[in-house]
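The model shown is predicted, which means the values in this text are computed figures rather than measured ones. Throughout, a chain's letter reflects where its sequence line sits, starting with A, and its residues are numbered from 1.
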There are 2 protein chains.
Amino acid sequence: MMKNEINFSETENCPVRNILDRFGDKWSTLVILILGNYDTLRFNELQKMIGSISQKMLTVTLKKLETDGLVTRKVYAQVPPKVEYSLTDLGLSLLPKLESLVKWANENMHQITKNRSFSK
Amino acid sequence: MMKNEINFSETENCPVRNILDRFGDKWSTLVILILGNYDTLRFNELQKMIGSISQKMLTVTLKKLETDGLVTRKVYAQVPPKVEYSLTDLGLSLLPKLESLVKWANENMHQITKNRSFSK
DNA sequence: CAGCATCCCGCCGGATACTG
DNA sequence: CAGTATCCGGCGGGATGCTG
């Protein structure tokens with residue numbers, strides 16, 4: 001009955017659960033996707049690009065991504081401050097997987113929207 | 001500077017944002033992954049497999065996935081009731097993308113955990 | 001410019017009890 | 001067995017105001 005050997009059991013030490021918990025938040029994946037498309041962006045540029053994100057959440061999101069080693073933060077010692085963000089190699093290795101999801105989303109969003117409207 | 005033409009602007013009608021919002025919840029992706037590995041499962045089997053999910057959240061999650069047309073629900077008219085869930089073609093088309101993420105998670109979870117511990 | 005601090009609301013999701 | 005119904009706490013995340 002089982003096709004592949006994937007273990008979904010208890011949360012700790014389960015990479016699947018751990019990753020899903022990590023990127024289950026509202027902004028992480030979006031930030032990675034954008035940084036993947038623009039190589040390097042300043043804090044303000046990122047914020048303008050996303051449009052609807054608050055300063056707080058962008059800060060929090062970037063900090064988490066930096067902690068996980070997916071994003072690098074480069075601070076220029078100048079006034080006014082300038083901080084540049086970009087993906088690390090680890091972040092870059094995740095990018096194609098997320099872009100694959102984006103591709104699927106673009107191709108199938110219409111169908112999903114239709115399904116939703118039918119079930120009303 | 002921009003590498004690909006991906007539009008991340010305002011939420012409505014943006015497939016990326018829409019999909020991320022949709023699967024940003026705690027359980028959806030996990031249910032799809034499991035159904036993808038077991039073809040067909042009953043409600044109870046799914047719940048035991050996930051382990052930590054409540055009846056409520058499994059119900060809610062399955063209902064959303066059914067509404068979006070990613071999962072089918074087959075009810076057997078018998079007592080006690082028997083309900084079987086499986087992926088639709090649409091759900092199956094999403095599966096490889098998610099499994100690609102799982103593969104990445106398995107390969108890189110260790111590194112991420114290490115990064116996290118270093119930044120304490 | 002790039003944040004940090006604080007307040008506070010909404011809602012996700014857990015616990016529990018009840019049905020066909 | 002496969003759900004509903006309800007109650008409720010936690011926290012994700014928005015709004016606002018303040019700094020180096």
Side-chain angles (χ1 to χ4, degrees), chain A residues 8-12 14 17-32 34-35 38 40-68 71-86 119, chain B residues 8 10-12 17-32 34-35 38 40-68 71-86 119:
Chain A
F8 298 105
S9 54
E10 291 315 312
T11 315
E12 5 289 326
C14 169
R17 306 284 289 272
N18 213 311
I19 288 297
L20 291 182
D21 282 358
R22 182 60 194 77
F23 295 101
D25 70 350
K26 201 172 177 179
W27 304 109
S28 295
T29 43
L30 198 53
V31 167
I32 293 176
I34 294 180
L35 281 180
Y38 286 83
T40 295
L41 286 174
R42 301 179 60 169
F43 188 90
N44 258 14
E45 293 173 332
L46 259 173
Q47 191 175 11
K48 281 176 192 163
M49 198 143 303
I50 301 182
S52 54
I53 195 174
S54 64
Q55 287 172 336
K56 172 185 172 181
M57 288 319 296
L58 184 52
T59 303
V60 170
T61 301
L62 285 170
K63 195 161 288 177
K64 284 199 290 182
L65 292 175
E66 194 194 355
T67 301
D68 284 1
V71 161
T72 42
R73 190 183 122 99
K74 187 175 181 182
V75 183
Y76 293 82
Q78 62 183 46
V79 179
K82 174 178 172 182
V83 181
E84 284 183 346
Y85 294 90
S86 49
S119 69
Chain B
F8 298 105
E10 292 314 312
T11 314
E12 5 289 327
R17 306 284 289 273
N18 214 309
I19 288 297
L20 292 182
D21 282 358
R22 183 59 194 77
F23 296 101
D25 70 350
K26 201 172 177 181
W27 304 110
S28 296
T29 43
L30 197 52
V31 167
I32 293 176
I34 294 180
L35 281 180
Y38 287 82
T40 296
L41 286 175
R42 301 180 60 170
F43 187 89
N44 259 13
E45 292 173 331
L46 259 172
Q47 192 175 11
K48 281 176 194 164
M49 199 142 304
I50 301 182
S52 54
I53 196 173
S54 64
Q55 288 172 335
K56 174 186 171 181
M57 288 320 296
L58 184 52
T59 304
V60 170
T61 302
L62 286 169
K63 195 161 287 178
K64 283 198 290 184
L65 292 175
E66 193 194 356
T67 301
D68 284 2
V71 161
T72 42
R73 191 183 122 102
K74 186 173 182 183
V75 184
Y76 293 81
Q78 63 183 46
V79 177
K82 173 179 173 181
V83 181
E84 284 182 346
Y85 293 91
S86 49
S119 69

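Looking at Y85(A) and L41(A), their side chains never come closer than 4.5 Å, going by heavy atoms from C-beta outward. In this structure, M49(A) and Y38(A) have side chains that are in contact, with non-hydrogen atoms separated by less than 4.5 Å. You'll find the side chain of T61(B) stays beyond 4.5 Å of the side chain of L30(B), heavy atoms only. At a threshold of 4.5 Å between non-hydrogen side-chain atoms, the residues V60(B) and K64(B) count as touching. Here the side chains of W27(B) and L65(B) are not in contact, with every heavy-atom distance at 4.5 Å or above.
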Review point. When you check every protein heavy atom under 4.0 Å of nucleotides 4-15 of chain C, what one-letter string (B, S, -) results, 5' to 3'?
Key: B-BB-----BBB
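Nucleic acid contact for Y76(B): none, since no nucleic acid atom lies under 4.0 Å from a heavy atom of the residue.
With sequence neighbours excluded, no residue forms a side-chain contact (heavy atoms from CB on, under 4.5 Å) with K26(A). Taking Q47(B) as the reference, F43(B), N44(B), I53(B), Q55(B), L58(B) meet the side-chain contact (heavy atoms from CB on, under 4.5 Å) condition, with sequence neighbours excluded. Scored by the side chain to side chain donor-acceptor pair (under 3.5 Å) test, T59(A) finds no partners at all (sequence neighbours excluded).
The heavy-atom pair separating T40(B) from S86(B) by the smallest distance is OG1-CB, 3.7 Å.
Separation of atoms OG (S52(B)) and CE (M57(B)) is listed at 11.5 Å; rounding is to 0.5 Å.
Heavy-atom contacts of chain A under 4.0 Å fall on DNA chain D between two terminal nucleotides, which in 5' to 3' order are dG13(D) to dG20(D).
Look at CD on E45(A): it is 13 Å from P on dG3(C), rounded to the nearest Å.
In terms of phosphate contacts, R42(A) brings a side-chain nitrogen or oxygen within less than 4.0 Å of OP1 or OP2 of dA2(C).
One end of the helix from dC1(C)-dG20(D) to dG20(C)-dC1(D) points its axis 50° away from the other end's axis, with each axis taken from 5 pairs and the angle rounded to 10°.
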